[in-house]
Amino acid sequence: MRIFYHPILGKLEEKRKITLEVDGKKIAAYEGEPIAAALLAAGIRVLRMSPKREEPRGVFCAIGRCTDCVMIVDGQPNVRTCVTPARDGMKIQTQKGLGKWAKKL
Amino acid sequence: MSKKDLIICRCEEVTEEEIKKAIREGADNVDAVKRATRAGMGLCQSHTCYTLIVKIIHEMTGKPIKEILPATHRSPIRPITAEILAKSKNM
Amino acid sequence: MKDRLKSTPGAWVISREILEASPGYPSKEELKRKPVIVIECPEEIPCDPCETICPRGAIVVGEPITNLPRIDQDKCNACGLCIPICPGLAIFLVDNTYSEKEATVSFPYEYYPLPKEGDEVNAVNREGEIACKAKVLKVRDPKSHDHTSVITIVIPKEYSNQVRGIELQQKVDKNE
Amino acid sequence: MGKETMNVELAVVGGGPAGLAVAAKAASYGVQVTVFDENERPGGQLFKQIHKFFGSKEHQAGIRGHDIGYSLLSQCEEFGVKTMLNTVVWGIEKNMLGIQNNGRTYTIKTKKTIIATGASENPLCFPGWTLSGVMGAGAAQTMMNVHRVQPGQKALMVGSGNVGLIVSYQLLLAGIKVAAIVEALPKIGGYMVHAAKIRRTGVPILTSATICEARGENEVEEAVIASIDEKGNVMEGTQRVLPVDLICIAVGLRPLAELCWMAGCKFMFLPVLGDHVPIHDENMRSTVKDIYVAGDVAGIEEASTAMEEGRLAGIAVAEELGYLGSEEADEKKNLARKRLESLRLGPFGDTRAEAKRKLTESEVNR
Amino acid sequence: MKVFDATDVVVIGGGAVGCSIAYHLAKEGIDVILFERGNLASGASGRCGGMVVQLYGRELNIDKTRKRLNLTQLNTHRLLELQDKIGDFEYKQIGSFDIAVSEEEWNSLKKLVEIQHKLGDNEIELLDEKQTREIMPIFGDRTVFGSRYRPSDGNLNPFKLTYLLARAAKKHGAVICTNNKIEEIIEDNGKVIGVRSCIGKTKAKWVVNATNAWASQLTKEVEIIPVREIAMITEALPELRSCPFEARFEGEFAYGTTQTKDGNLLIGGPGLPTGEPGNYNYYDEFIRLSETKRCAEYLCGFFPSLRHVNVIRSWAGTMAFTPDGVPFIGPIPNKEGLLVVAGFADGMADAAAVGELITEYITQVKFISIPMEIFDPGRPCPKIEWPHPYVHETLHEFLAKKYNNLELANKRINQI
């Protein structure tokens with residue numbers, strides 16, 4: 001959920017709205033905000049399933065250090081969504097295990 | 001979830017039990033635990049689990065915490081694609 | 001499960017005795033006699049904006065900066081400038097002279113939404129427990145306060161020593 | 001940017017409170033400064049800190065962290081500090097930094113380097129801690145204060161240091177309910193005034209208590225908490241289940257010092273400053289030539305101390321580079337040190353002041 | 001008597017080779033203490049590709065092909081058996097390549113394979129471009145002329161091999177003592193009687209110096225040439241069809257693509273020593289920015305389709321060579337009780353077999369499995385192929401010769 005009004009920070013600044021495609025579904029986002037924030041705003045908190053135990057994971061450190069929030073972004077797995085800015089039309093997928101590469105390796 | 005399955009290294013999904021086993025077998029520092037279990041060898045390069053491992057080593061061996069150093073830090077300290085790393089000259 | 005989670009006794013707050021013994025706390029007589037500033041700041045933190053902002057020099061921290069703020073109630077005219085500036089939100093204004101049976105308490109408040117003047121609200125004590133009903137007398141939120149509003153509520157006089165705020169105006173789940 | 005090698009007089013790694021303070025200060029004397037920061041915007045943790053700062057007027061007390069951030073930024077701009085954002089410093093080798101920016105890597109050759117990379121949060125592990133919805137308190141803070149997104153609807157805060165208390169308060173400000181704050185020690189760790197303002201909203205603070213487990217199918221749905229004895233063992237029968245979807249871990253910070261380790265800086269173990277801390281002298285100079293440290297990376301403290309350390313380092317570097325006479329520099333450095341000293345007064349600062357003394361008086365500095 | 005006072009055999013060095021020796025000895029009921037100055041696998045065993053390549057190099061070892069192969073072939077068999085006994089160390093026989101990236105290289109490779117066949121190395125295959133790409137499709141559109149291929153080569157997880165060997169050794173009664181540096185091998189009248197470390201003296205009937213790149217520091221009689229090695233690791237990737245390879249890249253020598261079970265890929269090559277003239281450091285484990293980058297260039301160069309993968313770390317380690325390129329395995333003349341096992345550029349290709357051979361030597365005082373003369377540390381070691389590189393300038397020449405590109409070597413030297 002977005003914090004549209006914050007008692008200290010005031011009204012949410014209007015930024016350019018963009019659309020992300022997450023596992024085939026379209027969600028609205030603001031340009032430049034971290035992908036993870038956009039997903040959180042859309043109520044998507046499970047970002048990947050771990051490779052060995054296939055357990056759900058989400059945002060943990062939010063500063064790009066723990067690498068727990070990695071997802072497949074535009075066909076590339078292991079993208080740290082908490083520090084990767086959202087851009088219009090990005091295709092984002094929940095990463096299962098090591099993830100599938102769009103490009104043939 | 002049983003305590004036995006408790007994950008310490010989130011990236012490589014190494015459990016507390018596996019780490020304790022390595023310590024029982026003689027690994028008494030972060031680097032040795034890493035070599036024995038892969039804890040800290042994942043994407044984040046031991047950033048998150050390192051202090052947890054230090055604590056376990058300390059509790060099991062009694063080694064003072066100040067003597068348990070992190071594993072060696074080497075470039076790149078954040079994941080960077082090979083292409084970007086390679087795309088530079090004059091280094 | 002249904003019983004409310006309670007704070008561990010003594011976990012967070014220094015007893016009222018200590019609070020009242022700290023140099024920023026007015027005496028019983030002063031509390032009775034006039035509107036007074038009440039500083040609930042019993043820890044030696046390096047901090048002195050209350051001293052800096054006071055136009056009458058009534059609040060003194062001095063050197064070292066970790067001194068507890070002292071207040072000279074004779075110099076203080078209870079203007080309340082120190083309330084919104086305190087980073088700890090630890091300064092209040094208590095006026096037991098408001099009417100025969102009622103007192104006012106002014107306190108800093110940063111939550112959204114703000115109550116409106118004239119609202120009937122629940123006044124809470126330092127533990128967040130509802131102490132009594134209150135009426136919102138004033139809501140001051142000028143730019144200079146930088147989003148720390150100062151709210152004045154009217155309460156029965158006997159609660160003036162314990163009421164330090166109001167229940168949050170956002171919806172609270174009563175079940176927990 | 002065409003060239004792959006850039007010469008920078010002073011490279012500042014990290015554009016948080018310390019880094020920006022160094023940059024503004026050094027640049028004000030004429031040093032050519034470039035700040036490198038991994039984020040899309042500078043300010044580091046300052047923009048998360050929406051509360052008013054403690055301290056005195058010189059420390060910008062009573063002003064909110066993010067506003068201090070804006071003013072530091074405008075100072076940097078005024079003095080011509082170059083800021084490279086979205087830029088990862090991925091390695092260091094003597095007077096060279098390896099950086100990545102906009103899909104390329106560059107080598108930065110520097111005369112002086114300031115490492116002001118700040119801190120990262122300590123983890124706490126318990127069954128279920130990998131579930132989505134368990135996150136660092138700082139992570140939750142970033143999401144709500146910087147990105148304006150609620151990280152959950154109802155939270156449990158683990159840890160009652162200043163971070164735990166302040167973030168709990170900020171969760172409330174963001175319209176998120178806080179079910180409880182649990183603290184393993186018998187007393188809260190942070191300032192009483194922070195605890196007091198949270199308590200006024202009725203949020204319970206449970207000391208000698210811990211989180212036992214996070215439960216949920218895919219995300220956190222509930223947290224199990226319990227009382228612990230003096231040895232830290234859970235007391236049977238005290239477990240309680242709280243329906244929460246967010247568990248914030250606030251069990252301390254530690255210096256984010258990878259670059260210092262890589263550069264070969266010598267360290268000292270000082271728990272009160274967070275962990276192993278790079279040894280530095282009273283000018284914030286590390287044990288490696290031309291490398292300085294400032295802020296949390298040089299020991300976990302407050303943002304206000306970070307900025308003072310930054311100013312101190314900025315003056316020292318300007319002097320070293322010949323932009324400032326030694327007499328003038330000494331005078332300014334002493335003022336900065338005085339301000340630092342005053343921030344380290346009192347029961348909360350004493351131990352830090354002592355630890356800092358150990359660092360600066362370390363033999364390896366001689 | 002205390003544990004460390006006396007034993008039958010002291011093994012110095014806790015890499016795969018040392019641990020293998022300890023394991024094989026202990027299995028035979030021999031008292032053995034292994035001393036490692038750091039952690040297990042903290043030397044070349046922890047900084048290598050885990051490649052099990054039975055015969056390296058083009059110019060080297062040709063005349064010794066068969067003899068050298070005796071050992072590595074034995075090792076290949078033993079690794080398979082060992083995996084059943086001590087646990088899974090991810091050993092896979094997936095083949096290995098020596099790639100020709102130019103017409104000229106391709107021609108010389110063809111000749112080389114012919115010679116090898118004549119020498120009795122019947123396994124080695126010559127694969128053309130198409131065949132090479134079939135086995136390793138990740139070469140993409142990279143120019144490949146062909147390759148030399150050995151199907152029974154492969155790779156393993158060197159950490160696991162080392163730790164499993166150590167664990168098995170302990171199970172059989174061996175004592176493994178890490179973080180304890182041996183300061184000196186104690187002698188008495190031309191006879192080795194034990195070792196000295198900071199925890200005191202340990203008497204032993206036999207001392208095995210298995211410190212590889214560091215062997216000369218304890219045993220002056222052997223000349224070991226340390227060569228810095230650099231490598232880079234990628235993030236874990238889904239399983240790729242790849243196998244260990246060596247190839248020239250812009251004239252430099254590179255190797256890699258050992259994908260572990262966990263999915264990470266490794267690629268690297270030799271690095272130059274660091275330090276100042278007169279004080280070069282061949283053991284420097286700091287990887288320079290330019291070296292990390294160089295490894296990334298290898299990856300992008302060989303496998304264009306992998307250029308988008310993340311690099312997560314890099315390292316520098318130390319390989320060891322002997323002056324003639326053949327490891328030293330055996331007794332030191334006139335030093336009764338002292339064995340040296342060192343000079344492995346690729347210890348994984350020897351570790352299992354060497355453990356067995358040393359055990360045979362100690363228990364029966366003779367080699368029984370394969371002829372060992374070629375590995376004799378006391379052999380005359382002409383320094384023709386491998387000039388002494390302790391002096392930086394000669395290493396420079398050595399690299400130039402090895403890369404067959406003096407200009408390039410000069411350039412690399414100037415970068416230091």
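Predicted, not measured: the structure shown is a model, and the values here were computed from it. Heavy-atom basis, side chains included; hydrogens, waters and symmetry copies ignored. Protein chains get the first letters and strands the later ones, always in sequence-line order, with residue 1 at the start of each.
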Original post:
Which heavy atom in D:S56 sits nearest to a heavy atom in C:I65, and how many Å separate them?
Top reply: CB-CD1, 3.5 Å
**OP:** Count the heavy-atom pairs under 4.5 Å between each of C:T148, C:T52, C:N125 and chain D, then report the option with the highest count.
**Re:** C:T148
Subject >> Electrostatic pair D:R64:C:E110 at N-O distance under 4.0 angstrom >> reply: yes
Original post:
If you take all heavy atoms of D:A61 and C:P49, which pair is closest and at what distance?
Top reply: CB-CG, 3.5 Å
Original post:
What distance do D:K197 atom NZ and C:F107 atom CZ have between them, rounded to the nearest 0.5 Å?
Top reply: 15.0 Å
Subject >> Any side-chain heavy-atom pair of C:E43 and D:P347 under 4.5 Å >> reply: no
**OP:** Any chance you could measure C:L5, atom CG, to D:L156, atom CG, to the nearest 0.5 Å?
**Re:** 9.5 Å
Original post:
Just checking heavy atoms, which of residues 81-93 of chain C are less than 4.5 Å from chain D?
Top reply: C:P84, C:I85, C:P87, C:G88, C:L89, C:A90, C:F92
Original post:
Can you tell me how far the NZ atom of C:K6 sits from the CG atom of D:L206, to the nearest 0.5 Å?
Top reply: 11.5 Å
Subject >> Structural part of D:A174 lying under 4.5 Å from a heavy atom of chain C >> reply: neither
Original post:
If you tally heavy-atom pairs under 4.5 Å against chain C, which of D:G202, D:G55, D:A209 wins?
Top reply: D:G55
Subject >> Region of C:E40 that comes under 4.5 Å of a non-hydrogen atom in chain D >> reply: backbone
Subject >> Heavy-atom closest contact (D:G346 atom, C:T66 atom, distance) >> reply: N-CG2, 3.4 Å
**OP:** Below 4.5 Å from any heavy atom of chain D, which atoms of C:Y111 appear? Answer side chain, backbone, both or neither.
**Re:** both
Original post:
Counting only heavy atoms not in C:K135, do more than 12 sit closer than 6.0 Å to its NZ atom?
Top reply: no
**OP:** Heavy-atom pairs under 4.5 Å with chain C are the metric here; pick the option from D:D67, D:I63, D:L172, D:I198 that has the most.
**Re:** D:L172
Original post:
About how many Å separate CZ of D:R199 and CD of C:E129, when rounded to the nearest 0.5 Å?
Top reply: 7.0 Å
Subject >> Residue part contacting chain C, namely of D:Y191, when any heavy atom lies under 4.5 Å >> reply: both
Original post:
With sequence neighbours left out, what residues match C:N161 under side chain to side chain contact (heavy atoms under 4.5 Å, CB included)?
Top reply: C:R16, C:E20, C:Y25, C:L31, C:R164
Subject >> Salt bridge flag under 4.0 Å for residues D:K52 and C:D146 >> reply: no
Original post:
Are more than 12 heavy atoms from other residues, nucleotides or ligands located less than 6.0 Å from atom CZ of C:R70?
Top reply: no
